[in-house]
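What follows is a short report on a single structure.
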Amino acid sequence: MNTETQSIVKEEGGWNELWRRDIRPWDKGVPSPALVEVIEQKPIKSQIPQAGNVLVPGCGRGVDVFYLSNAHRKAYGLDISPIAVQQCKDIRAEKGIPESQVEFITGDFFNFETPAGGFQLVYDYTFFCAIQPELRAAWASRMAAIIPKDGVLITLMYPIGTHTEGPPFAVSVEIYHSFLDANFECLLVDDCTSFEARVGKEKIGVWRRK
């Protein structure tokens, strides 16, 4: 994000304002190549839950939500922006996908109502890096609360770096370990295929709830 976009985000309702202005530099329109690799190509794919509930926090226009849904896995997209969620619902209607398979929720990740049984799979890409760094401990606690034992968290770690301004705020593999190791077993941290502008700034991580 440029400095003007960052300043909008810092205001009350800033994320929704970006959607109102149609400013969404994070939106690539297709699932991340790294997510596709984990789900379809890397050996770790056998350990990704094929049934249950899956959550994508900060889902934007729902590209990853639609990708992760299947006949046995109900996908939930969560976003704080009502405009983003309405766009997701419109796209779902255009695709003819029932709400019983893909559901979109306007809400706060830290206190939204979760379905019975929690989420067997959660995918976090540009959510961890979007929240204020002082909320990262709460993020980890919330992940541990909504993912039951043996559930899986996929983290596409971006942007790896040392800059201090954001969002997106800089991340590192060590930062993820520091917040997740207490409640999750790290199954994989690996290099990954990225969108062109993000090459060298990402790694993929897969974690199993202890």
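Keep in mind that what you see is a predicted model, and the values were worked out from it rather than measured. Heads up: numbering here begins at 1 and tracks the sequence.
- Heavy atoms of other residues, nucleotides or ligands lying less than 6.0 angstrom from NZ of K201 number 12 at most.
- More than 12 heavy-atom neighbours from other residues, nucleotides or ligands sit within 6.0 angstrom of CD on E134.
- No close placement of the W139 and F179 rings is indicated, their centers lying 6.0 Å or farther apart.
- For Y158 and F127, the distance between ring centers is not under 6.0 angstrom.
- Under the 4.5 Å side-chain contact rule for hydrophobic residues, I147 and I105 share a cluster.
- Residue-environment remark: NE2 (H163) exceeds the threshold of 12 foreign heavy atoms within 6.0 Å.
- Listed by chain and number, the residues in a side-chain contact (heavy atoms from CB on, under 4.5 Å) with Q120 are P49, N53, P148 (sequence neighbours excluded).
- V36 has its side chain within reach of Y67: a pair of non-hydrogen atoms, C-beta onward, lies under 4.5 Å apart.
- Between R208 atom CZ and C186 atom SG the span is 11.0 Å, to the nearest 0.5 Å.
- Residues E40 and K45 are not paired through a salt bridge, judged by the lack of any N-O separation under 4.0 Å between the basic side chain and the carboxylate.
- Within the 3.5 Å criterion, the main-chain N or O of P98 finds no donor-acceptor partner in the side chain of R92.
- Pairing each heavy atom of P159 with each of P168, the nearest pair is CD-CB, 3.8 Å.
- Remark: the backbone N or O of F109 is paired with a side-chain donor or acceptor of R142 at under 3.5 angstrom.
- Hydrophobic clustering (ILVMFWY, side-chain heavy atoms < 4.5 Å, transitive): L135 and F112 are in one cluster.
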Margin query: side chain to side chain contact (heavy atoms under 4.5 Å, CB included), that's the test. Do V171 and I160 meet it? Break it down for me.
Written below: CA-CA 5 Å; V171 304; I160 293 176; 4.2 Å; yes
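- If you chain together hydrophobic residues whose side chains sit under 4.5 Å apart, F119 and V85 never meet in one group.
- Residues L180 and V206 do not share a hydrophobic cluster, clusters being chains of Ile/Leu/Val/Met/Phe/Trp/Tyr side chains in contact below 4.5 Å.
- Between A170 and I175 the shortest heavy-atom distance is O-CD1, 4.3 Å.
- Centroid-to-centroid, the aromatic rings of F104 and Y76 stay 6.0 Å apart or farther.
- Under the 3.5 Å distance criterion, the side-chain polar atoms of T155 are left unmatched by any main-chain donor or acceptor of M157.
- The CD atom of E103 sits 12.0 Å away from atom SG of C88, with the distance rounded to the nearest 0.5 Å.
- Ring geometry, Y176 versus W207: the interplanar angle falls under 30°, so the pair is classed parallel (tilted spans 30 to 60°).
- Residues L156 and L153 are members of separate hydrophobic clusters, defined by side-chain heavy-atom contacts under 4.5 angstrom among Ile, Leu, Val, Met, Phe, Trp and Tyr.
- Ion pairing of K210 with E185 is absent here, as no side-chain N (NZ or NE/NH1/NH2) approaches a carboxylate O to less than 4.0 Å.
- Salt bridge K203/D190: absent, no basic N to carboxylate O contact under 4.0 Å.
- Taking CZ from F66 and CD1 from I91, the interatomic distance works out to 5.5 Å, rounded to the nearest 0.5 Å.
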Item checked: Criterion side chain to side chain contact (heavy atoms under 4.5 Å, CB included) on I39 and I48, from CA distance to verdict -> CA-CA 7 Å; I39 298 297; I48 305 299; 3.8 Å; yes
